[in-house]
Amino acid sequence: DVSWHMQSSTPWLSARRFELIVLLAAICSTPRTAVAVETKPNIVWVVVDDLGWADVSWHSQGQTLTPHLDKLRQTGVELTNMQVFKFCTPTRSSFMTGRLPFHTLQVLANVPMPCIGLQLNYTLLPELLQGQGYHTAHVGKWHLGAFSERYLPTARGFNESLAYLCLSGSYDHFTQAGQLYCPGGVDLWLNDGPARSWNGTFDALMYSEFAVDVIHRHAARAADAMPLYLHLEYHVVHEPVQSPTSYQDRYPHVTNPCRKAYCGMLSALDDGVANVTTALAAAGMSDNTIFVVTSDNGGLVDQNGCGANYPLRGGKHSFFAGGIQGIAFVHSPLLPASATGTVFTGLSHASDWYPTLAMRAGILDLSSTGIFPVDGVDIWPFLSGERGGNPHHELLIEGGQAEGALFVDELKLILGKQEPAGWPGIPGIHEIHSHNGTIDDCSTGPCLFNMTSDPLEKSNLAKSRPDLLAPILARFRELSNVSIPHDAPALVCTKTAICRQVTTNNGFFGPWEQ
């Protein structure tokens, strides 16, 4: 039997303050739709920021320690061909809409990230689940718009939220103080106002604590027969690389200082996941829960990140596998026993989780959820073993004229210069080689790889196989030739406007437009 009782070695942080009392009162007074929920599963979705292929214990050659994640993976279904975007926001837009990033404009906006948001003309997954009687909670990184209250998590389908809004550009993991825009301002938001008294704790522990509290409060409302959707978006292991010394002390075998701190972040994440699964078990919710873990892009492998994607090529910011082949698995007693411990290698995409989870909640018609049809596929039948083969025959990672990527069956096309372009190893285990500009980074022409016979992308077929290049290139141009309506970005997009709101909020970032 699968055990959800995975105790963390980190003591519970203390229960949080008067805010929780106010929050509980508000939630209990919120009108709820009465629907039959006997067969609707709880959904817990963990997203890990910048998690590299070789950052998890089952790929790190024994360097990292993520036993709780590994146990969930071993007793679930692992997806080893889950494609994401090369950086975070576009992937997160796919998670929430079921559309390709190219169809949500999250990679096309020519304005700073704090000043844009995911279009309001898409119905997000939490909005769908609310309509099915779910209590929906968001915890952690929210990088889908916050310049206006209309884009906040609680305006996009979440009943409650403790969010890093990403208005600061980057923050300190211990203090949540911004580092790029308005340094010192705190980027942490609770529902409809600053999350005062929450900041000042290492964020992986803080988000885990809030998630556990969500579960406890939900269990106290068991008489409502309401399923739970918990979307837990950790900001680790995104730079800056920071972690408590107690976690770094678990790695005496790691001497590289940056990698040691990075490994500490991974252990804090792993303990947090353990606390969440323990809370689910204590609440009697485990047997009816779908637990998904995904990354948003590959690991950052420069001097600021210390991530590892070995043996894959490239990393965050490139369309090579190290940038877009994500970590993903699903654990659930609702999967057939025959699926336990299996690996699914079919081509899948971040957008697939939207229809997959919606349909498990009984939402069968997604035709009116946005201006573009859903691109994702319900992959549950593939994961359960009911269906074989690939969910996708072709998959557009990004369209455009100068840069992009497309899968067609076993072939992968990449356009535009890619950085990083090498095969960086695991810091502290492999020597990190410099290729001194001799490597083919797709800057002088398209790159074409057979991902079945060449998963490490070492043999560019573009010049030797023009018969293969021509049709896939033509298909890329065809798929890129679309007109996409979009919402306007912030009317005023200046550091002055952003920082003025920090002053208005007494030191906290927040929306500055209506």
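Shown are His143, His238, His235, His138; of these, the ring pair (Phe, Tyr, Trp, His ring centres under 6.0 Å) with Tyr164 is made only by His235.
Annotation: Glu419, atom CD; neighbour count of heavy atoms from other residues, nucleotides and ligands within 6.0 Å does not exceed 12. More than 12 heavy atoms of other residues, nucleotides or ligands shown are found within 6.0 angstrom of CZ on Arg477.
If you take OG on Ser94 and CZ on Phe85, they are separated by 9.0 Å, rounding to the nearest 0.5 Å. Taken to the nearest 0.5 Å, the OG1 atom of Thr97 stands 11.0 Å off from the CG atom of Leu366. Note that CD1 of Ile414 and OG of Ser318 are 7.0 Å apart. Values are rounded to the nearest 0.5 Å. Rounding to the nearest 0.5 angstrom, the gap separating the NE2 atom in His317 from the CD1 atom in Ile324 is 14.0 Å. Within the model, atoms OG of Ser351 and CE of Met96 stand 12.5 Å from one another, a figure rounded to the nearest 0.5 Å. To the nearest 0.5 Å, atom CD of residue Gln325 and atom NZ of residue Lys412 are 7.5 Å apart.
For the residue pair Tyr251 / His253, no side-chain donor-acceptor distance below 3.5 Å is found, with atom types taken as modelled. With hydrogens and angles left out, the side-chain atoms of Thr91 and Asp296 include no donor and acceptor closer than 3.5 Å.
Looking only at distances, a side-chain donor or acceptor of Tyr134 sits under 3.5 Å from a matching main-chain atom of Pro41. A donor-acceptor pair is defined here as one N or O able to donate and one able to accept, closer than 3.5 Å; such a pair exists between the side chain of Trp142 and the backbone of Gly145. Checking side-chain atoms of Asn121 against main-chain N and O of Ile371 turns up no donor-acceptor pair under 3.5 Å. Side chain of His173 to backbone of Ser243: no donor-acceptor contact under 3.5 angstrom is found.
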Go through Gln176 and Asp203 one step at a time and tell me if the side chain to side chain donor-acceptor pair (under 3.5 Å) criterion holds. CA-CA 8 Å; Gln176 293 76 57; Asp203 60 355; 5.2 Å; no
Test side chain to side chain donor-acceptor pair (under 3.5 Å) on Thr66 and Ser57; report intermediate values, then the result. CA-CA 5 Å; Thr66 55; Ser57 57; 2.9 Å; yes
Could you walk me through whether Tyr262 and Thr64 pass the side chain to side chain donor-acceptor pair (under 3.5 Å) test, one step at a time? CA-CA 9 Å; Tyr262 191 98; Thr64 61; over 6 Å; no
Between Ser208 and Tyr234, does a side chain to side chain donor-acceptor pair (under 3.5 Å) hold up when you go through it step by step? CA-CA 9 Å; Ser208 299; Tyr234 287 100; 2.7 Å; yes
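Note on Arg259 versus Asp55: salt bridge recorded, some NZ/NE/NH1/NH2 to OD/OE distance being below 4.0 Å. Salt bridge Asp375/Arg99: absent, no basic N to carboxylate O contact under 4.0 Å. Salt bridge absent: Lys417 and Glu403 never bring a charged side-chain N and a carboxylate O closer than 4.0 Å. A salt bridge does not link Glu239 to Lys316: none of the charged side-chain nitrogens sits closer than 4.0 Å to a carboxylate oxygen. Using a 4.0 Å cut-off between charged nitrogen and carboxylate oxygen, Glu78 and Arg73 count as a salt-bridge pair. Taking a cutoff of 4.0 Å between a charged side-chain nitrogen and a carboxylate oxygen, Arg92 and Asp49 qualify as a salt bridge.
Residues Ile439 and Gly422 share a closest heavy-atom pair of CD1-CA, 3.6 Å.
A distance below 6.0 Å separates the ring centres of Phe95 and Trp45. His331 and Phe329 have their aromatic ring centers separated by at least 6.0 angstrom. For an aromatic pair to be called close, the ring centres must be under 6.0 Å apart, and Phe407 with His392 fails this.
With Phe319 as the aromatic partner, Lys86 meets the cation-pi criteria of under 6.0 angstrom to the ring centre and within 45 degrees of the ring axis.
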